[in-house]
Amino acid sequence: MTIRVLLADDQALLRSAFRVLVDSEPDMEVVGEASDGAEAVRLAGERRADVVLMDIRMPGTDGLAATRLISADPALAHVRVVILTTFEVDDYVVQSLRAGASGFLGKGSEPEELLNAIRVANGGEALLSPAATKGLIARFLAQGPDDDGRDPARSDRLGTLTGREREVLVQVAGGHSNDEIAERLEVSPLTVKTHVNRAMAKLGARDRAQLVVIAYESGLVRPRSE
């Protein structure tokens with residue numbers, strides 16, 4: 001299956017460079033380009049995009065607002081958003097993860113990292129840039145506007161999970177793959193995948209990135225101080 005990619009960036013030169021890179025791969029193709037968030041949301045549906053490479057800072061409707069709109073639209077439930085940012089971790093990035101982005105990548109990343117990001121996001125995995133440490137992300141995610149970031153509604157929903165599902169969720173929040181979790185919990189990767197899918201359904205998560213956010217905002221996993 002060919003991965004259908006939408007490019008959303010207000011800089012035409014960057015879009016052109018990304019197009020050449022993406023179109024050079026046999027398993028993916030660029031199906032459209034957007035210069036602002038509103039156009040990105042429209043084209044995501046019209047062009048049936050699988051993955052949107054979304055710049056955060058764009059005129060008009062920015063990448064953050066566009067990500068929220070895509071995540072909130074049931075018709076675009078299959079669309080994965082990868083945020084492209086100049087800064088590896090900042091408040092915009094954290095808000096994007098909360099808004100439904102599958103992850104983020106620095107604009108200075110190597111070409112292979114970008115291509116891998118598209119494949120990872122399309123596969124439903126959480127994409128966290130190698131340059132952004134899990135501890136730093138965790139600290140940002142734990143910082144809510146009013147308190148320590150815990151979401152009471154999400155904490156309540158954790159009660160619907162089985163003990164094993166909670167255990168798997170903790171491992172997902174640690175950034176571990178299904179194979180790594182399977183080895184840690186001494187079960188099969190297929191069993192882990194089943195637990196992950198059930199946890200996503202019960203918690204209303206679009207993908208693994210959203211599971212990571214929920215794990216921290218609910219208080220199930222606490223950020224490290226280091």
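Residues: numbered from 1 along the sequence shown.
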Restricting to non-hydrogen atoms, name the atom on A40 and the atom on L6 that form the minimum distance, rounded to 0.1 Å.
O-CD2, 3.3 Å

Donor-acceptor contact present, side-chain R4 to main-chain R47, <3.5 Å
yes

Test of understanding: clusters of I, L, V, M, F, W, Y form through side-chain heavy atoms closer than 4.5 Å, transitively. Do L114 and V31 belong to the same one?
no

Which heavy atom in A49 sits nearest to a heavy atom in H78, and how many Å separate them?
O-NE2, 3.2 Å

Pairwise distance CG(L7) to CG(L14) - rounded to 0.5 angstrom
10.0 Å

Going by heavy atoms in the side chains, are L84 and M54 under 4.5 Å from each other?
no

Could you walk me through whether R119 and E25 pass the side-chain contact (heavy atoms from CB on, under 4.5 Å) test, one step at a time?
CA-CA 11 Å; R119 295 186 178 101; E25 295 298 296; 2.7 Å; yes

Decide yes or no on side-chain contact (heavy atoms from CB on, under 4.5 Å) for F18 and V5, but give the supporting numbers first.
CA-CA 10 Å; F18 289 147; V5 181; over 6 Å; no

Which pair of heavy atoms, one from A205 and one from L211, lies closest together, and at what distance?
CB-CD2, 3.8 Å

Taking atom CZ of R166 and atom OG1 of T160, what is their separation to the nearest 0.5 Å?
9.0 Å

Got a sec: does the CD of E183 have more than 12 other heavy atoms crowding it under 6.0 Å?
no

Between V172 and H195, does a side-chain contact (heavy atoms from CB on, under 4.5 Å) hold up when you go through it step by step?
CA-CA 11 Å; V172 169; H195 287 311; over 6 Å; no

Taking H176 for the side chain and A182 for the main chain, is one N or O donor matched with an acceptor at less than 3.5 Å?
no

Nearest heavy-atom contact between L76 and G45 is CD2-CA, 3.6 Å

Stepwise side-chain contact (heavy atoms from CB on, under 4.5 Å) test for R80 and N122
CA-CA 6 Å; R80 300 290 179 254; N122 185 63; 5.8 Å; no

Can you tell me how far the CD atom of Q171 sits from the CG atom of N178, to the nearest 0.5 Å?
11.0 Å

Of all residues at least two apart in sequence or in a different chain, which pass the side chain to side chain donor-acceptor pair (under 3.5 Å) check with R164?
E167

Donor-acceptor pairs under 3.5 angstrom involving side-chain atoms of residues 65-74: please list them, not counting sequence neighbours.
from, atom 1, to, atom 2, distance (Å)
T67, OG1, G63, O, 2.8
S71, OG, T67, O, 2.9
S71, OG, A99, O, 2.9
D73, OD1, A75, N, 2.9

CG-CG distance between D10 and D36, expressed to the nearest 0.5 angstrom:
9.0 Å

Just wondering, are more than 12 heavy atoms of other shown residues or ligands nearer than 6.0 Å to NZ in K202?
yes

If we ignore hydrogens and angles and just use 3.5 Å, is the side chain of E165 paired with the main-chain N or O of L161 as donor and acceptor?
no

Distance in Å, L169 CG paired with M200 CE, rounded so as to fall on 0.5 Å steps:
11.5 Å

Is there a path from L53 to V20 through hydrophobic residues (I, L, V, M, F, W, Y) whose side chains come within less than 4.5 Å of each other?
no

Residue among V22, V52, D50, D27 satisfying side-chain contact (heavy atoms from CB on, under 4.5 Å) with I118:
V22

Check E39 against S35 and note the closest heavy-atom contact, atom names and distance.
OE1-N, 2.9 Å

So, taking the atom named CD in E29 and the one named CG in D23, what distance separates them when rounded to the nearest 0.5 Å?
7.5 Å

Just wondering, more than 12 heavy atoms not from R48 lying within 6.0 Å of its CZ?
no

Taking all non-hydrogen atoms of both residues into account, name the closest pair between S218 and A215 and its distance.
OG-O, 3.3 Å

Do L203 and L158 have side-chain heavy atoms sitting under 4.5 Å apart?
yes

